[in-house]
Every structure is written in structure tokens, then in C-alpha cells.
Amino acid sequence: MTQSTPGARPPVKVLHITDPHLLADESERFLGLDTAQTLRDVLELAGRDKDWPPDLVLLTGDCVQVPTRESYARLRSILAPLNLPCYCLPGNHDDPALMRRN
């Protein structure tokens, strides 16, 4: 346990999720997995934690498997209900310019 210094700012709570490999179409699977459902399950599990909510969500790695407007829109639709700041860092499967536009 970390002791706080009087007047110090509280620590920032970050939910870090990596490599969801989200797909554009809900019927698609990546290595047999429904990646959107897996991401939803992770978020639901995190939401049950005693420290919920975090101050922000950090999504890193391959946010999507195939970089399309549709896959990034799907990612946004999954993250939006959290009502939290979400920061996405692209992986090698992502298109950073397309991510910024969506």
C-alpha cells in the first residue's frame, strides 16, 4: 500500500486493455473468437471491481484486426457507454490516420 503525502494528488486509476482485435462485422470471428463479445465481457468484469470506475481507459495494441471505418465505429460504440475518457494507441494492425478520423 502506498502512503499519500498530505496535499498530494490521488493516484490515477487506469483500465488498460490490450489487443482486442475487434472486427467490423458481428458475424466475423478472429481465431474462432467473437472479439467484440470478449471486449464487452472484459469491460463488464472490470465494472464489477471495487475500484470502478477508473479515471480513464487505455486501449493499446491492435485495437482492430482490419482497419476500416466500420471496425473503428464498432469499437467506439462499445466504449461510448462507459462515459469515460478513452485513449487508443495503435498497434501494427491499426491505421493511425483512420483511427483519428473516427
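Placement of Leu23 and Ile17 in two distinct hydrophobic clusters is found when ILVMFWY residues are connected by side-chain heavy-atom separations under 4.5 Å, directly or transitively. There is no path of hydrophobic side-chain contacts, each under 4.5 Å, that joins Met99 to Leu89. Leu58 and Leu84 are members of different hydrophobic clusters when ILVMFWY side chains are connected at heavy-atom separations under 4.5 Å. Placement of Val64 and Val42 within a single hydrophobic cluster is found when ILVMFWY residues are connected by side-chain heavy-atom separations under 4.5 Å, directly or transitively. Hydrophobic clustering (ILVMFWY, side-chain heavy atoms < 4.5 Å, transitive): Leu59 and Ile78 are in one cluster.
Distance OG1/Thr38 to CG/Leu43: 11.0 Å, rounded to 0.5 Å. If you take CG on Leu22 and CG on Leu75, they are separated by 5.5 Å, rounding to the nearest 0.5 Å. A distance of 8.0 Å separates CG of Leu98 from CZ of Arg69, quoted to the nearest 0.5 Å.
For the residue pair Pro20 and Cys63, the shortest heavy atom distance occurs at CG-O, 3.4 Å. The two residues Asp62 and Asp94 have their closest heavy-atom pair at CA-OD2, 3.4 Å.
In this structure, Glu26 places its CD atom where only 12 or fewer heavy-atom neighbours from other residues, nucleotides or ligands lie under 6.0 Å away.
Gln37 is linked by a side-chain hydrogen bond (donor to acceptor under 3.5 Å, both in side chains) to Asp41, counting only residues two or more places apart in sequence or in another chain. Remark: Arg100 engages no residue in a salt bridge (charged side-chain N to carboxylate O under 4.0 Å, His left out) (not counting sequence neighbours). For Asp34, the salt bridge (charged side-chain N to carboxylate O under 4.0 Å, His left out) criterion is met by Arg29, not counting sequence neighbours. With sequence neighbours excluded, the residues forming a side-chain hydrogen bond (donor to acceptor under 3.5 Å, both in side chains) with Ser27 are Asp25, listed by chain and number. Applying the side chain to side chain contact (heavy atoms under 4.5 Å, CB included) criterion to Ala46, with sequence neighbours excluded, gives Leu15, Trp52. In this structure Ser71 satisfies the side-chain hydrogen bond (donor to acceptor under 3.5 Å, both in side chains) test together with Thr68, sequence neighbours excluded.
Salt bridge annotation for Glu70-Arg74: absent, with no cationic side-chain nitrogen under 4.0 angstrom from a carboxylate oxygen.
Each ring pair (Phe, Tyr, Trp, His ring centres under 6.0 Å) pair with one or both residues in residues 7-38, not counting sequence neighbours, appears once here: His21-Phe30, His21-His93. Within the structure, ring pair (Phe, Tyr, Trp, His ring centres under 6.0 Å) contacts touching residues 72-92 (residues at least two apart or in different chains) do not occur.
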Tell me which donor-acceptor pairs under 3.5 Å the side chains of residues 6-13 have, and how far apart each pair is, sequence neighbours excluded?
from: Lys13; atom 1: NZ; to: Asp51; atom 2: O; distance (Å): 2.9
from: Lys13; atom 1: NZ; to: Pro53; atom 2: O; distance (Å): 3.1

- request: For salt bridge (Lys or Arg N to Asp or Glu O under 4.0 Å), just list the numbers for Arg48 and Glu44, CA-CA rounded to whole Å, side-chain angles, deciding distance to a tenth of an Å, and then say yes or no.
  value: CA-CA 7 Å; Arg48 289 187 278 162; Glu44 191 273 328; 3.1 Å; yes
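In this structure, Val66 stands alone, with no Ile, Leu, Val, Met, Phe, Trp or Tyr side-chain heavy atom under 4.5 Å from its own, directly or through other members.
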